[in-house]
Protein chains: 2
Amino acid sequence: MDAMAQLTFTVHGALARIAATNDLSIIQIRLLGLLRDRRPTITELAALLQLDKSSVTGLVDRAQERGLVQRTASRVDGRSVHVSITPVGREVIDAGSAAFEGEIAVLVADLTIPQRTRLAAIATHIVAADAQRRGIDILNAEPSPPESSTPVRR
Amino acid sequence: MDAMAQLTFTVHGALARIAATNDLSIIQIRLLGLLRDRRPTITELAALLQLDKSSVTGLVDRAQERGLVQRTASRVDGRSVHVSITPVGREVIDAGSAAFEGEIAVLVADLTIPQRTRLAAIATHIVAADAQRRGIDILNAEPSPPESSTPVRR
DNA sequence: TATTGTTATACTCTATAACTATA
DNA sequence: TATAGTTATAGAGTATAACAATA
C-alpha cells in the first residue's frame, strides 16, 4: 500500500528533522531510546537494532565520544560489555522525545480524536505483531544482568 | 507518540528488506518511484526528496551507472538536465512495489478490513497535509517540460 | 548577478572478513 | 571450538563549500 510507504517517509522525515536539531541521527535516537530502560550488550543491541555487531561498535563509539553512553564490563562474562545511557544522554533523548511529540502533533492535527486513537491502536498492534514475528521483545526491558560499575575505556 | 515512531521503524525496516532483495536502498526506491510519472530536473528532485542538490547528483550517478535512470538535456535551459527512468529501471521499481505490497500485507494481516481502510485513509490524509504544509506536490506529476531526446553523458 | 549542476572533501552509517580475548 | 567484541576496509548516502557554464 502506497499510503503506508509515503506515511513512513513523512514520519521518518519529521524524525530526522528533530534529530538533526539536536545534532543527532535517527539511529542515534533509536539507540538512546532503547537505553532508557536497558543496559544491553553489544550483541543484544545488534539484535534490537537489526544491525551487524560491527556496526553497533561504531555506533556506540560515536555516542560514547559525545558523552551520551558508556561501556561497562560484565561481571559474569569477561568478553561482554554493557552499554548504558549517561545523564547527558538522557537529557538529549528526553528533549528529542518532546520535540518529536510536537512534530507528531502537527502531523495528526487534522485528525479527529477517534482517528488518533484508532491510529495509535493500529500502530501498536502492527509493531507488536512484527516484533513477535521476528522474535524480538522491543517493548519490555530485560532484568539487568550483573555488571561492574567501572566504565570500560576502549 | 511512541507508537508512530515504532511503526515508522517497522515499516522502514520492511521497506529496506525488500529494497535489499533487489539490491537497492530505500532512497533509490524513492527515486525510481518518483520517476515513474515525472522527468524532473536535479533541482526539482532535490526538493522532492528533501536533499541537497549535490546529494542528488551522486544518487543519480549511481542509478545511472546501473542503467536505471538517464539524464537528458533540457531544450529551454542549457544548465538543466532532466532525469528519467529507463525500461530496466521501470522493471525494477515495479518488482519492488509488488514485493513491498506483499510485506505490507503481512504487517496488516491481523487488522480487520475496516481497520485497514481507516489506516489507509489516515495515512493518506497525513501525507497530503504534510506535503501541502511544506509546499510540495508529491501526488501529481508536473507537465513535462521541453527536453531533447539525446541522453547526456556525464 | 543569479541559477544549475558538478566536484572536492569530510563525516555517518553499514556490512564483510579477519582478528583478539574469553568461554 | 564457539562466542563477544573490535579492527580493517569498502561503499552508499549526506552536507558544505567552491567551481564552471549558462541565464
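All values below come from the heavy atoms of this structure, side chains included, with hydrogens, waters and symmetry mates left out. Quick caveat, the model's predicted, so the values are computed rather than measured.
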Notebook entry, point to check: Should A:R71 be listed as having a side-chain N or O under 4.0 Å from OP1 or OP2 of D:dT6?
Noted result: yes
[atom1] of [X] versus [atom2] of [N]: gap in Å, rounded?
X     : N      : atom1 : atom2 : value
A:R17 : D:dT14 : CZ    : C1'   : 16 Å
A:Q50 : C:dC13 : CD    : C1'   : 16 Å
A:K53 : D:dT3  : NZ    : C1'   : 7 Å
B:L31 : D:dT14 : CG    : C1'   : 15 Å
A:H12 : C:dC13 : NE2   : P     : 12 Å
A:D52 : D:dA12 : CG    : P     : 18 Å
B:R30 : D:dT14 : CZ    : P     : 9 Å
A:L59 : C:dC11 : CG    : C1'   : 14 Å

Checklist line | Non-hydrogen side-chain atoms of A:I26 and B:F9 separated by less than 4.5 Å | finding: yes
Margin query: Measuring only between side-chain heavy atoms, which start at C-beta, is B:V83 closer than 4.5 Å to B:T72?
Written below: no
Looking at every non-hydrogen atom in both residues, tell me the closest pair between [X] and [Y] and how far apart they are.
X      : Y      : value
B:L32  : B:L24  : CD1-CD1, 4.2 Å
B:T124 : A:A3   : OG1-CB, 3.6 Å
B:R133 : A:L107 : NH1-CD2, 3.9 Å

Next item on the list: Verify the cluster assignment for A:L34 and A:V88: are they in a single hydrophobic cluster under the rule of side-chain heavy atoms below 4.5 Å apart?
Entry: yes
Next item on the list: Residues of residues 21-29 of chain B with any non-hydrogen atom less than 4.0 angstrom from an atom of DNA chain D: list those, numerically ordered, please.
Entry: B:S25, B:I27, B:Q28
Note to self: I'd like to know if B:R71 pairs up with B:D61 as an ion pair, taking the criterion as any Lys NZ or Arg NE/NH1/NH2 lying under 4.0 Å from an Asp or Glu carboxylate oxygen.
What the structure shows: yes
Check: So what does B:S80 touch, heavy atoms closer than 4.0 Å: a base, only the sugar-phosphate, or nothing?
Finding: sugar-phosphate
Check: So what does B:V81 touch, heavy atoms closer than 4.0 Å: a base, only the sugar-phosphate, or nothing?
Finding: sugar-phosphate
Margin query: Within the 3.5 Å criterion, strictly below it, is a donor on A:S74 or A:R79 matched to an acceptor on the partner's side chain?
Written below: no
Next item on the list: Not counting sequence neighbours, which residues clear ring-ring contact (aromatic ring centres under 6.0 Å, His included) with A:H125? List them please.
Entry: none
Notebook entry, point to check: Ignoring hydrogens and angles, are the base of D:dT16 and the side chain of B:S54 linked by a donor-acceptor pair under 3.5 Å?
Noted result: yes
Check: B:S55 has a side chain; which of D:dT14, C:dT14, D:dT6 sits nearest to it?
Finding: D:dT14
Notebook entry, point to check: Which nucleotide sits closest to the side chain of A:T43: C:dT4, C:dT16, D:dA4?
Noted result: D:dA4
Which protein N or O atoms sit under 3.5 Å from an N or O of nucleotides 21-23 of chain C?
{"unit_1": "C:dA23", "atom_1": "OP1", "unit_2": "A:G78", "atom_2": "N", "d": "2.7"}

